[in-house]
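The block underneath contains the structure these notes are about, expressed in C-alpha cells.
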Protein chains: 2
Amino acid sequence: MTTARNPEQTRERILHAAFEEIHIHGFQGMRIEHILAATGLAKGALYHHFENKQALGYAVVEEVIQEHHASTWREPLLAATDPITALQTLLRSFTERHSKEEILRGCPLNNLVQEMSGLDEGFHQRLRQIYVDWSATIADALAAGQRNNIVRTDIDSESVAMFIVSSTQGLLGAAKCMQSTATLQRLCNTLADYLETLRA
Amino acid sequence: MTTARNPEQTRERILHAAFEEIHIHGFQGMRIEHILAATGLAKGALYHHFENKQALGYAVVEEVIQEHHASTWREPLLAATDPITALQTLLRSFTERHSKEEILRGCPLNNLVQEMSGLDEGFHQRLRQIYVDWSATIADALAAGQRNNIVRTDIDSESVAMFIVSSTQGLLGAAKCMQSTATLQRLCNTLADYLETLRA
DNA sequence: CTGTTGACAGACCAACTGGTCTGATGTCTA
DNA sequence: TAGACATCAGACCAGTTGGTCTGTCAACAG
C-alpha cells in the first residue's frame, strides 16, 4: 500500500498536537511520544520537520499561540470605535466560549509564561513579544478612544492597557485554580466594571 | 568523625530546597538530585522524610507556600482598619521587596497553579484552598470597611476580593514576562488607582 | 524511464531520573 | 549499658525520554 504525502499538512498536524500537549502538560511536561501517538506519525517525521523539542516549542509559540492571540484580540479592537465596549464584549464572549474543561487547562500563553520565561531566553523573548503586541493593541485602541472623547484623558493608556492584559491573565489563572465558570464570570464582570470607570 | 543529627532541621532544609527548586523549575522540572546537592544530603535522608516526589511537593505547598501567604497577607489585613490603604501599602511593599531576579522567578503560588492545578487533583485542592483563604481574608476586610463607611456599599466584597487576588497574580505574571521592575511598579500603581475607586 | 531528493518509518541508544535496598551510625530508652 | 529504632549514606535498578541513524518509498526533474 502506498501512502500519499503532504509535508505542509504533516507539519501543521505536529504543531497542533504539540500545542495541545503544551496546553495541558506544559513544555517540560510535553512528551514527544504523545505527539507521535496523537498524529500517528513516527519520530522520523517529527525530527524531519523540527530540529529538536525546543525548536518545536518555539514554533508553537510563533505559529500557533501568537496567531491565535492576534486574531482574537487585535482584529476586533482595530475594528471597534468604542474600545471599552469592545473590550467588554470580548470579555463576555471569552466567558461564553470557554467550557469548564477549557478553563481548567488555562490560557496557553499564561501557562507558558509562568513555566518558561524564567528558564529559557528563547521562550522569554517570544512570549514577551506577544505581551507587548497585545498590550500595544489595547493601548492604541484606548488612545484612539481618548481622541474621540470616549475614554478619560487623565489615564495613561499604556499603563492601563498593560493592566488590562495582566488582569485578564490573572482572571483566567484564578478561574483555572477555582475550576469554576461562575468564578470566571464574576471576575469578568468585575473587570468590566473597572473598564466602565475609564469612560469619559 | 561523627555527625550530629537533627531530623526536624533536616526536614526543613529539604522543604526549603524543594521550594526553591519548584519556584525556579516548577514541580515537574524539580529534580531530586538538585535538592540533594543543595542540602548536601543523600537520597536515604530525603526518602526517609518524604514518601515520594509528590508528597514532597504537597508538603511544600502546605508548609511553605501556605504559611508564607498567610503571614504576608492575612496578618496585615486583620490588623488594619482601612482595608484599601492596607492593600495599597501591601502592594507598595510588594514592589519594593522584589528585585528583578525575584520578579523573574514569579509568584510561587501562581507558578504552581498554572502548572499543576489541571494535572494533579492533590495539588489542585491544596492550591485552591490558599486562593480561597486569601480571597476570604480580603473579602472580610472589605466587608468590615463597608460597615465602617470606608468602602463603598454597592460593591460585592467577595467578587471584588477575588478580583484583587487574581489581578495581583496577573500583575506578577506580566512582570515576570516583561522582566521589569518598572512594569510591576506601574501595574501596582494602576491597581492602587482601582482600589481607590472602591472608597466610600 | 531513471536518478535524485525530500518525506517518513521505526529500531536503537545513551543519558537521565525517581525510587529501592542494604548497611552504618546516632540517639533514646529500659 | 545494651538493645531498638530512627536517621541517614550511597550503590544500584528499571523505566522513561529525547534524539540518532539507516532504510524505504513517494514525488519530481531531466
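These figures come from a predicted structure and were not determined experimentally. These numbers come from the heavy atoms of this one structure, side chains and all, not from hydrogens, waters or symmetry mates. Order of the sequence lines sets the chain letters (A, B, ...), proteins ahead of strands, with each chain counted from 1.
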Step through it carefully: locate the ring centre of A/Y194, locate the ring centre of B/F163, and say whether they are under 6.0 Å apart.
no
Within 45° of the ring axis of B/Y47 and under 6.0 Å from its six-membered ring centre, is that where the NZ or CZ of B/K53 lies?
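Cation-pi check for B/K53 and B/Y47: fails.
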Can you identify which nucleotide, out of D/dA9, C/dG19, C/dC8, has its nearest atom closest to the B/K43 side chain?
C/dG19
Measure from the side-chain N and O atoms of [X] to the backbone N and O of [Y], and report whether any donor-acceptor pair falls under 3.5 Å.
X: A/T10; Y: A/N6; result: yes
X: B/R128; Y: A/C177; result: no
X: B/T39; Y: B/L36; result: yes

[N] [atom2] sits how many Å from [X] [atom1], rounded?
X: B/Q9; N: C/dG26; atom1: CD; atom2: P; answer: 17 Å
X: B/E8; N: D/dT7; atom1: CD; atom2: C1'; answer: 12 Å
X: A/L36; N: D/dG19; atom1: CG; atom2: P; answer: 12 Å

Quick one: is B/T10 getting a side-chain N or O under 4.0 Å of the D/dT7 phosphate, OP1 or OP2?
no
Classify the ring geometry of A/W73 against A/F94: parallel below 30°, tilted from 30° to 60°, perpendicular beyond 60°.
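Geometry flag for A/F94 against A/W73: tilted rings.
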Heavy atom of residues 16-35 of chain A under 4.0 Å from DNA chain C: which residues?
none
Does the pair A/Q88 and A/E196 meet the rule for a side-chain hydrogen bond (donor to acceptor under 3.5 Å, both in side chains), with working shown?
CA-CA 9 Å; A/Q88 288 167 335; A/E196 203 58 38; 2.8 Å; yes
Note, B/R152 side chain near B/Q146 side chain (heavy atom, < 4.5 Å)
no
Residues within residues 115-125 of chain B bordering DNA chain D, heavy-atom distance below 4.0 Å
none
Going by heavy atoms closer than 4.0 Å, what residues in residues 44-55 of chain B are next to DNA chain D?
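Per residue number, the list reads B/G44, B/A45, B/H48, B/H49.
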Step by step, would you call B/D120 with B/Q54 a side-chain hydrogen bond (donor to acceptor under 3.5 Å, both in side chains)?
CA-CA 10 Å; B/D120 183 288; B/Q54 189 187 53; 2.8 Å; yes
Among A/Y58, A/F123, A/F19, find the residue that satisfies the ring-ring contact (aromatic ring centres under 6.0 Å, His included) test when tested with A/F27.
A/F123
